[in-house]
Student: 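Quick one: the structure is below, questions incoming.
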Amino acid sequence: LMLLAQSGGDSVPAGASLRLSCRNSDSEFPVSKYCMAWFRRTPGKQREWVASLNTLGGDDYAATVKGRFTVSHDKSTASFHLQMDSLLPDDTGLYYCAADLSDQYACPQSGDRYGYWGQGTQVTVSS
């Protein structure tokens, strides 16, 4: 069973760093074996794809976060992380992790392709 639990959101000043985590407690469905992604919903905007990571470690990022955000797996804790550095006020939003069980290598950027979602965690960046 894929039940994604998120942690790590906070309120921080611009320029700070945060790490979001996402974990599935069912060891039969480890997050490292599927396409995993982070999405966010920012004020006044629709849901936006942020980054994704395939099972081979191939990552992909939205232009707005490339060079500042990094996705990774931690197999020792069965977790999927989003390291966010040099945060900007425009990064403020509700962040969701998502799993696509039908893809392993070519991770989609469309949220409609992801069947499992975390509960969301708020990130607030003040100027």
Side-chain angles (χ1 to χ4, degrees):
L1 187 63
M2 182 68 78
L3 290 174
L4 300 174
Q6 296 180 222
S7 60
D10 204 349
S11 294
V12 296
S17 296
L18 278 176
R19 190 177 79 160
L20 305 184
S21 298
C22 176
R23 185 175 179 272
N24 184 31
S25 58
D26 187 340
S27 61
E28 293 296 315
F29 294 87
V31 294
S32 61
K33 289 193 174 183
Y34 306 100
C35 270
M36 298 295 298
W38 290 96
F39 290 80
R40 66 187 182 188
R41 193 180 298 277
T42 54
K45 295 183 180 179
Q46 295 184 346
R47 183 177 61 194
E48 173 189 18
W49 169 78
V50 174
S52 57
L53 183 65
N54 68 19
T55 58
L56 298 178
D59 53 7
D60 196 12
Y61 301 92
T64 52
V65 307
K66 195 168 187 176
R68 300 188 297 119
F69 290 11
T70 305
V71 288
S72 62
H73 286 129
D74 182 344
K75 292 184 179 181
S76 67
T77 59
S79 298
F80 172 55
H81 300 298
L82 178 67
Q83 176 67 39
M84 304 185 292
D85 298 320
S86 302
L87 281 162
L88 303 171
D90 283 350
D91 295 319
T92 294
L94 194 57
Y95 283 71
Y96 297 89
C97 66
D100 174 12
L101 272 57
S102 62
D103 288 290
Q104 293 182 313
Y105 309 118
C107 296
Q109 297 179 10
S110 170
D112 293 342
R113 295 281 301 276
Y114 290 81
Y116 299 89
W117 294 80
Q119 80 277 19
T121 186
Q122 180 66 36
V123 172
T124 302
V125 184
S126 58
S127 57

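Note that this is a predicted model, so its numbers are computed, not measured.
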Student: Would you please name every residue forming a ring-ring contact (aromatic ring centres under 6.0 Å, His included) with Y34, sequence neighbours left out?
Tutor: none
Student: Below 3.5 Å, can you tabulate the donor-acceptor pairs from side chains in residues 49-59 to any protein atom, sequence neighbours excluded?
Tutor:
from : atom 1 : to   : atom 2 : distance (Å)
W49  : NE1    : A51  : O      : 3.4
N54  : OD1    : L56  : N      : 2.9
N54  : OD1    : G57  : N      : 3.0
N54  : OD1    : G58  : N      : 2.6
N54  : ND2    : Y105 : O      : 2.9
T55  : OG1    : Q104 : O      : 3.1
D59  : OD2    : Y61  : OH     : 2.9

Student: To the nearest 0.5 Å, what is the distance between CD on Q122 and CZ on R41?
Tutor: 12.0 Å
Student: Would you mind telling me which of F80, F69, Y114 makes a ring-ring contact (aromatic ring centres under 6.0 Å, His included) with W38?
Tutor: F80
Student: If Ile, Leu, Val, Met, Phe, Trp and Tyr residues are connected whenever their side-chain heavy atoms lie under 4.5 Å apart, and connections chain through other members, are L101 and V71 in the same group?
Tutor: yes
Student: What's the shortest heavy-atom distance between L4 and M2, and which atoms?
Tutor: CD2-SD, 3.5 Å
Student: Examine L94 and V12 and state if one hydrophobic cluster contains both, with Ile, Leu, Val, Met, Phe, Trp and Tyr joined whenever side-chain heavy atoms are less than 4.5 Å apart.
Tutor: no
Student: Show every salt bridge (charged side-chain N to carboxylate O under 4.0 Å, His left out) that has at least one partner inside residues 110-120, sequence neighbours left out.
Tutor: R47-D112, D103-R113
Student: Distance check, rounded to the nearest 0.5 Å: N24 atom CG versus K33 atom NZ?
Tutor: 12.5 Å
Student: Mind listing the closest non-hydrogen atom pair of T92 and V125 along with its distance?
Tutor: OG1-N, 2.9 Å
Student: In Å, rounded to the nearest 0.5 Å, how long is the span from SG of C107 to CE of M36?
Tutor: 9.5 Å
Student: With rounding to the nearest 0.5 Å, note down the distance linking OG1 in T70 to CE in M84.
Tutor: 11.0 Å
Student: As an exercise, state the distance from CG of D90 to OG of S127, rounded to the nearest 0.5 Å.
Tutor: 10.0 Å
Student: Rounded to the nearest 0.5 Å, what separation is found between the CZ atom of R19 and the CG atom of L82?
Tutor: 10.5 Å
Student: If the condition is side chain to side chain donor-acceptor pair (under 3.5 Å), which residues does S7 pass it with, not counting sequence neighbours?
Tutor: none
Student: If two hydrophobic side chains count as joined below 4.5 Å and joins carry through other members, does V65 share a cluster with Y95?
Tutor: yes
Student: Mind checking whether R23 and V31 have side chains closer than 4.5 Å, heavy atoms only?
Tutor: no
Student: Of all heavy-atom pairs between Q6 and G120, which one has the smallest distance, and what is that distance?
Tutor: OE1-N, 3.0 Å
Student: What are the two closest non-hydrogen atoms of C35 and A106, and how far apart are they?
Tutor: SG-C, 4.0 Å
Student: Could you list the residues that satisfy salt bridge (Lys or Arg N to Asp or Glu O under 4.0 Å) with D85, not counting sequence neighbours?
Tutor: none
Student: So, using salt bridge (Lys or Arg N to Asp or Glu O under 4.0 Å) as the criterion, who are the partners of R68 when residues are at least two apart?
Tutor: D91
